[in-house]
Structures are given as structure tokens and as C-alpha cells.
Amino acid sequence: MNKVLKYLSFFGLVLFVFIFTQIDTSQLIRIISKANLEFLFLGTTLIIAEAIIKTWKLKVMVETHAACSFKDSLKAYLVGMAFGTVTPG
């Protein structure tokens, strides 16, 4: 299982680098500079708030069975979100 995880991590890194090299950075910077910064800030703040609330919810549910820190719950939530993003359903 450890080898599979290492290969998947390596594949993810290679895929990230490939996608990053395909981006026209000057166009990306131009698009972001034209964006409404208030909306970017509000969106980022809401995403962080959502992650904190859902992590706390996960922590409360897990603690009914075993001790769990907020940090461990945050790791589990973020890993779940990453896998949920790339898998169907």
C-alpha cells in the first residue's frame, strides 16, 4: 500500500507540473488583475470558513468513537476533498 501511495503521489506531482507548464502565466496574471478583489477575498474567506466548520463537524462526529484532534480532522477533511474532487459520484 505504501508503494502505491508513493507512485500516486509522484504521478500527481508530475501531472501538476505538466498542467502548470501548459498555463500562459501572463494571461493568468492579466485575468486575475482584472478580477474584483472584493469578490476574490470574500470567496477565499468563505471557503476557509466552510473548511473550518466542516472540519469541526467531522471532529465532533469522530469523537463519539475515539479521541481526535482538530489537526487530524482537518487532514482527513482535506484528503477527502481532494479525492472527492477527482473521483466520480
Side-chain angles (χ1 to χ4, degrees):
M1 181 68 177
N2 239 355
K3 287 184 179 183
V4 172
L5 189 58
K6 287 182 183 180
Y7 287 123
L8 284 175
S9 298
F10 179 73
F11 175 73
L13 182 62
V14 169
L15 184 62
F16 175 76
V17 169
F18 173 75
I19 291 171
F20 190 71
T21 59
Q22 302 301 311
I23 295 173
D24 182 8
T25 53
S26 62
Q27 184 180 9
L28 179 64
I29 291 170
R30 190 171 48 251
I31 290 170
I32 291 175
S33 66
K34 290 180 182 179
N36 187 339
L37 294 180
E38 292 172 356
F39 287 135
L40 285 176
F41 178 74
L42 179 62
T44 303
T45 303
L46 290 174
I47 288 171
I48 292 170
E50 177 189 19
I52 290 171
I53 291 168
K54 288 187 175 184
T55 299
W56 177 74
K57 178 181 166 184
L58 177 64
K59 180 182 181 318
V60 169
M61 290 189 312
V62 169
E63 281 188 337
T64 61
H65 300 288
C68 182
S69 70
F70 186 82
K71 183 178 177 180
D72 290 338
S73 298
L74 180 61
K75 286 180 185 178
Y77 173 74
L78 293 176
V79 167
M81 286 300 296
F83 279 112
T85 300
V86 297
T87 55

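Residue numbers run from 1 in the order of the sequence given.
Screening residues 25-47 for salt bridge (Lys or Arg N to Asp or Glu O under 4.0 Å) gives no qualifying pairs among residues at least two apart or on separate chains.
Residue F16 holds its CZ atom at 10.5 Å from OG1 of T21, rounded to the nearest 0.5 Å.
For D24, the side-chain hydrogen bond (donor to acceptor under 3.5 Å, both in side chains) criterion is met by S26, not counting sequence neighbours. For I31, the side chain to side chain contact (heavy atoms under 4.5 Å, CB included) test picks out Q27, with sequence neighbours left out.
Taking a 4.5 Å side-chain heavy-atom cut-off between Ile, Leu, Val, Met, Phe, Trp and Tyr, the cluster of L15 extends to F11, F18, I19.
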Pairs of donor and acceptor atoms involving the side chains of residues 61-71, under 3.5 Å and at least two apart or interchain, shall be tabulated with distances.
unit_1: E63; atom_1: OE1; unit_2: K59; atom_2: NZ; d: 3.2
unit_1: E63; atom_1: OE2; unit_2: K59; atom_2: NZ; d: 2.5
unit_1: T64; atom_1: OG1; unit_2: M61; atom_2: O; d: 2.6
unit_1: S69; atom_1: OG; unit_2: D72; atom_2: N; d: 3.1
unit_1: S69; atom_1: OG; unit_2: D72; atom_2: OD2; d: 3.2

Taking distance alone, no hydrogens or angles, what donor-acceptor pairs closer than 3.5 Å link side-chain atoms of residues 46-55 to residues at least two apart or in another chain?
unit_1: E50; atom_1: OE2; unit_2: K54; atom_2: NZ; d: 3.0
unit_1: T55; atom_1: OG1; unit_2: A51; atom_2: O; d: 2.6

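Taking all atoms of both residues into account, the shortest heavy-atom contact from S73 to L58 is O-CD2, 3.5 Å.
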